[in-house]
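Whatever order the structure lists ligands and atoms in, that order sets their numbers, starting from 1.
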Amino acid sequence: MGSAGGRPERWLGELEAHAQAFVKCFGASSGPRLFFSPGRVNLMGGHLDYNGGPVMPTAVDRGTFIAARPRADRRLALLSTREKGRFERDLESLPAARAGRWFDYPVGVAREILDLSRGAGVEARLSGAEILFGGNLAVGAGLSSSASICVGTAVALDRLWGLGLARVDLVHAALRAERQFVGVRCGIMDPYAVGFAREGHLLWLDCKDASSEHIPLDLVRCSVAVADTGVRRELARGSFNERVAQCAAAFEILRDHCPEATCLRDVPLPLFESRRSDLEPTIARRAEHVLHEVQRTFAAKQELLRGDIPAFGATMARAHASLRDLFEVSVPELDQLVESAVACPGVHGARLTGAGFGGCAVVLLEAGAREEFAARLAREFQARFGRAPTIDFYGGDSGPREIGL
Ligand code: GLA
């Protein structure tokens, strides 16, 4: 189990090993530059980003390691310590379609950054690059390993190529790569949470207009625990896209009665209630979750601002129940973790984080309650599923950056 708090620089030893692995992969002509890009947990606003609602994520001190070095030629070579398969192509001939492999993410980002450099008229002078990816963030666990790799790649290429692009442009390059090249219909939350992270804060992000503010979260008084079910669903991407389509379908019907609405978040609850029978029952449950979650997330912001962590935690637990019963993205393993967690003394609240369908629960608890909480969670999960979940305590992070060794 990891220790609480701390900065990603506590991974310096691992980063050093990553630099050595780079030399083994690509040769020792000169040392690589090293970058760290965090993952994120979302505490409130489940499945709201693509409905234009507010979300409350925070970056964690686990993430992607990127070792990168320019090449004399125009080739882009990509390897990973965590995945099989090498990618290598000239910058001129990067593929136009995804391959269904891990490197789709950085390739998609490289295409976007090249486009931006073409717009600035500097593309012809760019060198190739060799990049080794790695890190210590669970993949496919709802901690946004994909935004971590995408925003991290954008930042690394921007530095390597000396482009000096604005952070918001890098975040949007990462988002386009994931949406258009990799093909996930994700909202803006993950790349914003990673790209605009501030240590010791949650990001309040209103996904309707991308306005944001940082709200302090006292990580000395409170601990953020992440409990991983170990469940990974092959079909998760399809089910996620299906939820996006169902919310869009709800909005298509409701907007006729609400001309000023530009997204599902805008539909007033009373209007939804009065039109509920126009919607197919499944679609109505999805909309019901979204509209109540919008209200819960605004309430949670006020609770946090007035320092009422127990109320904030109770709101998280209500969000989980809605994700389970109305949005139907939980699994028994997640429900077990949340149930055990909220029954523990010193736990403020718990819910699934990320898209769901497996992955992790996030738990907010008093720092002093950690040991008893972790033991109880593990014991009860083990008794029901015959194996232990991974439970860890995460510190915050300040976003993607170059790390000098
Ligand atoms: C995934 C997506 C996010 C968001 C969450 C659910 O993590 O990538 O954009 O929709 O699910 O809140």
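Listed by number with element, the atoms of ligand 1 under 4.0 angstrom from any heavy atom of C186 are 8 (O), 9 (O). Every atom of ligand 1 is numbered from 1 in the order shown, and the set under 4.0 Å from a heavy atom of A355 is 1 (C), 7 (O), 11 (O). For ligand 1, the atoms sitting less than 4.0 Å from at least one non-hydrogen atom of F240 are 1 (C), 2 (C), 10 (O), 11 (O), numbered in the order shown with element in parentheses. Residue Y50 has at least one heavy-atom neighbour below 4.0 Å for each of these atoms of ligand 1: 10 (O).
Considering backbone and side-chain atoms together, R40 places an N or O closer than 3.5 Å to an N or O of ligand 1. Residue I188 has no N or O atom closer than 3.5 Å to an N or O atom of ligand 1.
By the 4.0 Å heavy-atom criterion, R185 is excluded from the residues contacting ligand 1. At least one heavy atom of G46 lies less than 4.0 angstrom from ligand 1.
Under the 4.0 Å criterion applied to side-chain N and carboxylate O atoms, R75 and D90 are assigned as salt-bridge partners. We find that K208 and D266 are joined by a salt bridge, their nearest charged nitrogen and carboxylate oxygen being less than 4.0 Å apart.
For atom 5 (C) of ligand 1, the nearest non-hydrogen atom of the protein is M189 CE, 3.9 Å. Considering only non-hydrogen protein atoms, atom 12 (O) of ligand 1 sits nearest to H47 N, 2.8 Å.
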(Q) Quick one, F133 with F35, criterion ring-ring contact (aromatic ring centres under 6.0 Å, His included). Give me CA distance, side-chain angles, the key distance, then yes/no. (A) CA-CA 10 Å; F133 294 90; F35 300 84; over 10 Å; no
**Q.** side chain to side chain donor-acceptor pair (under 3.5 Å) between E333 and T229, intermediate numbers included
**A.** CA-CA 6 Å; E333 290 85 347; T229 58; over 6 Å; no
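Considering E303, E293, R296 as possible partners of T315, the one that fulfils the side-chain hydrogen bond (donor to acceptor under 3.5 Å, both in side chains) test is E303. Partner of R265 under the side-chain hydrogen bond (donor to acceptor under 3.5 Å, both in side chains) criterion, out of N51, D49, D206: D206 alone.
With a 4.0 Å cut-off on non-hydrogen atoms, E178 does not touch ligand 1 at all.
One option in D49, D190, V329 has a heavy atom closer to atom 8 (O) of ligand 1 than any other, and that option is D190.
Taking each heavy atom of F196 and L203 in turn, the nearest pair found is O-CD1, 4.1 Å.
Remark: aromatic rings of F22 and F65 are distant, center separation not under 6.0 Å.
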